[in-house]
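First comes the structure, then the notes that go with it.
Source: prediction; values computed, not measured.
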Amino acid sequence: MGRRAPARASPTAASLFDAGRQANLAGRPAEGERLLRRALRSLDRHADETVPGIGSVRGGDAGVVEARVRVLLSLSTSLVQRHGASPALEVATSALHLAQGPLLGEEEQMLLMTKCQLQLAMIHGRTGHADAALNQLDRALCFVDRLGPRDRFHLLLSRGAARTDGHDPGEAEADFVAAAQIAHDHGFAIEEFMARHNLAQAVSLQGDLPRALRLFRDIERLGGEASLAVALHGRARTLLDAGLVTEARELLQRAVAEAVRTGQRLVVGEVQVDLAVAELIDGDQAAAARTAAGARRSLQGRAPGVRRRAELVLLDARRRRGRRLTEVARRGLALVEAFDRDGDHVAADLARLVVAETEVDRDRSAEAVQLLRATADLTHAGSLSMRLRARGVLAAAARAADDAVTARRHLRAALTDLTRTVAGSSSLELRAATHHYAQGLAALDLSVAPDSSRDRLLAVERWREAASRSPAVRPPADPELARRTTVLRHLRQQVRDDLDRAHRLRPRLRELERSVAALSWSAPGGTAGREVVTRQQLGRALGRLRERDTSLVYLVEASGTLVAEVLAQGRMRTVELGPVAPVRELAQRLAADLETGARSHGWPMEELLHRSLRRSARILDDATLAPLLLDGRVLVVPTPSLAAVPWGMLPSRSGQPTPVAPSLTAWARQELAVPAPTVVALSGPELARARDEVARVAQAWGPTRATPVGDAAAPDLAAALGGADLVHVAAHGRHRDDSPLFSSLWLADGPYFLADLEREDRRASHVVLSACDSGRSRHRGGSAALGLAAGLLWLGVTSVVAAPCRVPDQVAAEHFPDYHRLLVAGLPADEALSRSAQRAHPLAGAFVAWGAPWSAAPTPG
């Protein structure tokens, strides 16, 4: 070979190549394609043997052939995003043929061929052909020791992705960790983002949702120019599996918008499929079908694997609407075969699950079980939602075969799995949301319970207990979370002081709320879940009712009917109260009358509105408690849809203790009599009677026990909860149904959020929230509720008094000193509340004694 001509700079090809690759990495494939095609045209005109600026695999500058191979490979990355697998594979294959040609040396040829195989693996993996991807990776692995760091990174990343699709997220995790380390050691910022993002997804697939969310949080801290759409999509998928469906949908919609803006068409399709899944979980089958159909159209010919996932969501939506089930099963099986053929075993198993559920709906349970046996053990592998769905299919099949024992065994196993997963988080909101996937299983458990009141009660109580309590775990200190929460509190205070700033500050407030919630969700918990309620534990709880001379009304919804399981005078009975829908409407009407009554306090129409309130209470009473003819103390365990009813306000309960608990076991387990309790009474700002109220509350207990705190700030409340036995708070309250984590009590330095509570020391066993809406909660599916009072109970506070509605300041100020005087006299909290309410304004009846029995024990001597 003759001597090479002197190198002449070719900055255009090199700079275009570099800019094109950066555009691809940053998620701008259209820009990448344009730049890389220009780079190819520049190489066509290139007269020299080498191309300065494009590095060779053997060191120095690349020759023209090698440069062309490398530009073609980067171009195929643009194409798979914009146009799908076929054109990308065509370009990458042409690069491979070029690398195999006679114009390159042996070393150069081997390394370039390996690069081509890695690229082909990536394209196959992105488009749902896992087996083809692994085949290419196996070839590339032969030369792994001779690869440079960037190629070793891509090999590990691709193999991890293929292992994830092959139901092996544990092995995939090791690949992603190694790839992230290579990227970090060599300063590949965007590549490190990619590896850590995939690592978070693998951890999520293994069911450790808080850890996955922590990894996503760390990724955001990396910053850089990585694709925002991909980052949002990954985090949304984990939120979806955690049951945080509303939050996941918001992220997915942002991801779609970002992917559309940057021209990442494949990402658009991938995100739309998960958006359809979120809509399906939310029960909006029509929206899910529209979104999935849109994704399927947009993916036409681009990514067959992702397109098939869209088709699967369409079939699932049709199944849930009970339409054309035979066709759903037939087309679902075709998808199973296609996914298996391509090696996407995770998608294949999901398709099997949908078909198995369809077969159960078609009364072909044996076929459903047989189908699940052909999969990995879905009761142990995959995400929590898939594991619970698999248990549901097996339980339903056993029920159809009249094998109730097996059905109950599967349901017990599902509940144990759920409680263990929930225990891995210390976030109130994450714990509550994860119960979303338990709704159908709880109903199924009731349907296979033996035909006795006690057995039906046990079937429901197991799920209610799990949804209302879990081991109280205080999350580790997180200075970033504390800082952001403090900033959020101060900004909220500024908006309150100057409403004109509200519009300007709204985006900042929303961003802060998002970040505080994300940090809260990622907090780790413990390792052990609470044990499932047993028959013996239920027996002991019923015994406690008898010891305390307490009757029980345990409300249950079964097939649209409201049923009361009643225990009175040692005898259990089941009472059908009729269709549940009208009762819900009556409860809503009472809530509306309470709201109107509170607003009209002190106005001329007050008495007229109170007559309407009394009428609503009587009608609801006639539909629920009055027919049960119960006197004395009655514990009410309501259904989620009736949780906001102030049951003690109903006429048949006037003047009689009517505690309310989310589960019977929680009520029975924690009875507490505190000798000489220490008391802190705090007042917030802007309430005319609040200072007077806390002064009189403190006076009731005496100066040696009680401390009044005026204009209390967040540190005052935190100190009270951690240091006193009884805490009374007279402040404005606000329930956030859209985001219960930010329900708050308004203090002197701004709102004290529910998000604050989970990080504080807690000694207080009885908390009185003399604040509007502090007893309201949002049920995120199943029986799990979240609000200020419910949050305190979740965190281990024994007893909480709060109102699920607005209560005038004057009413609370007159009512609660009397309540505390009765506590000092030794009356239990529920009895003190009913007696004081009987002597107070009618709206005082809205306060409810939630949780377990609590009293102040007489001081010895």
Side-chain angles (χ1 to χ4, degrees), residues 217 244 246-247 250 427-429 432 475 477-523 682-688 690-691 694 709-721 727 729-760 767 769-778 786-792 795 802-807 809 812:
R217 185 185 69 181
L244 292 161
T246 303
E247 293 80 359
E250 181 188 340
S427 163
L428 282 172
E429 190 158 44
D478 186 337
E480 181 67 14
L481 175 59
R483 186 186 69 78
R484 290 181 181 238
T485 307
T486 301
V487 173
L488 179 61
R489 179 178 299 118
H490 291 165
L491 286 183
R492 284 284 181 203
Q493 180 72 50
Q494 289 179 28
V495 169
R496 192 181 181 92
D497 293 341
D498 182 2
L499 291 178
D500 291 339
R501 300 186 66 188
H503 179 72
R504 186 153 45 89
L505 288 176
R506 189 170 294 124
R508 175 65 175 149
L509 289 168
R510 185 65 186 135
E511 187 275 332
L512 274 170
E513 286 187 353
R514 283 175 178 155
S515 63
V516 168
L519 290 168
S520 169
W521 298 332
S522 65
L682 309 102
S683 64
E686 302 175 13
L687 282 173
R691 278 177 171 268
V694 302
V709 180
D711 287 335
D716 298 316
L717 179 53
L721 291 170
V727 176
V729 186
H732 280 297
R734 185 190 179 201
H735 174 74
R736 284 277 301 276
D737 208 52
D738 64 322
S739 186
L741 200 60
F742 298 101
S743 297
S744 59
L745 297 167
W746 204 277
L747 301 179
D749 57 345
Y752 186 89
F753 302 110
L754 177 59
D756 291 308
L757 281 173
E758 60 192 15
R759 292 182 291 116
E760 301 294 357
V767 177
L769 300 176
S770 175
C772 296
D773 294 332
S774 53
R776 286 183 62 196
S777 59
R778 175 187 173 187
L786 206 59
L788 286 168
L792 284 165
L795 292 169
C805 59
R806 182 188 300 266
V807 178
D809 176 29

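- With sequence neighbours excluded, the residues that form a side-chain hydrogen bond (donor to acceptor under 3.5 Å, both in side chains) with Glu511 are Arg508.
- Counting only N and O atoms by type, the side chains of Glu513 and Ser739 include no donor and acceptor under 3.5 Å apart.
- Across every non-hydrogen atom of Leu747 and Pro685, the tightest pair is C-CD, 3.5 Å.
- Counting all heavy atoms, side chain and backbone alike, Cys805 lies closest to Arg776 at N-CG, 4.4 Å.
- Inter-residue side-chain proximity for Val767 and Leu721 is flagged as met; some heavy-atom pair is nearer than 4.5 Å.
- To the nearest 0.5 Å, atom CZ of residue Arg514 and atom CD of residue Glu247 are 11.0 Å apart.
- Annotation: the span from Cys772 atom SG to Leu687 atom CG amounts to 8.0 Å, rounded to 0.5 Å.
- Residues Ser520 and Glu758 have side chains in contact (heavy-atom distance under 4.5 Å, counting atoms from C-beta outward).
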* To do: For Thr246 and Asp738, run side-chain contact (heavy atoms from CB on, under 4.5 Å): C-alpha distance rounded to whole Å, both residues' side-chain angles, the deciding distance at 0.1 Å, then the answer.
  => CA-CA 9 Å; Thr246 303; Asp738 64 322; over 6 Å; no
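- When side chains are defined from C-beta on, Leu792 counts as touching Leu769, because their heavy atoms get closer than 4.5 Å.
- A distance of 6.5 Å separates CG of Leu741 from OG of Ser427, quoted to the nearest 0.5 Å.
- Inter-residue side-chain proximity for Leu788 and His735 is flagged as unmet; no heavy-atom pair is nearer than 4.5 Å.
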* To do: Decide yes or no on side-chain contact (heavy atoms from CB on, under 4.5 Å) for Val495 and Arg492, but give the supporting numbers first.
  => CA-CA 5 Å; Val495 169; Arg492 284 284 181 203; 5.5 Å; no
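- Under the side chain to side chain contact (heavy atoms under 4.5 Å, CB included) criterion, Glu760 pairs with Ala718, Tyr752, not counting sequence neighbours.
- Nearest approach of Gln493 to Ala748, heavy atoms of both residues: OE1-O, 3.6 Å.
- Between Arg691 and Asp711, at least one side-chain N (NZ, or NE/NH1/NH2) sits under 4.0 Å from a carboxylate O, which counts as a salt bridge.
- At distances below 3.5 Å, at least one donor-acceptor pair connects side-chain atoms of Arg489 with backbone N or O atoms of Pro751.
- Considering only heavy atoms from C-beta on, Arg483 stays 4.5 Å or farther from Thr486 through its side chain.
- Between Val694 and Val709, the closest side-chain pair of non-hydrogen atoms is not below 4.5 Å.
- Nearest heavy-atom pair across Ala771 and Leu745 is CB-CD2, 3.7 Å.
- Looking at Leu488 and Phe753, their side chains come closer than 4.5 Å, going by heavy atoms from C-beta outward.
- Residue Leu682 holds its CG atom at 6.0 Å from CG of Leu717, rounded to the nearest 0.5 Å.
- Atom-to-atom distance recorded for Arg510:CZ and Ser515:OG is 10.5 Å, nearest 0.5 angstrom.
- The two residues Leu786 and Glu429 make their nearest non-hydrogen contact at CD2-CA, 3.5 Å.
- Using a cut-off of 4.0 Å between Lys/Arg side-chain N and Asp/Glu carboxylate O, Arg496 and Glu686 are scored as salt-bridged.
- Inter-residue side-chain proximity for Val487 and Leu512 is flagged as met; some heavy-atom pair is nearer than 4.5 Å.
- Of all heavy-atom pairs spanning Arg759 and Ala755, the tightest one is NE-O, 3.8 Å.
- Expressed to the nearest 0.5 Å, how far CZ of Arg217 lies from CD of Glu480 amounts to 8.0 Å.
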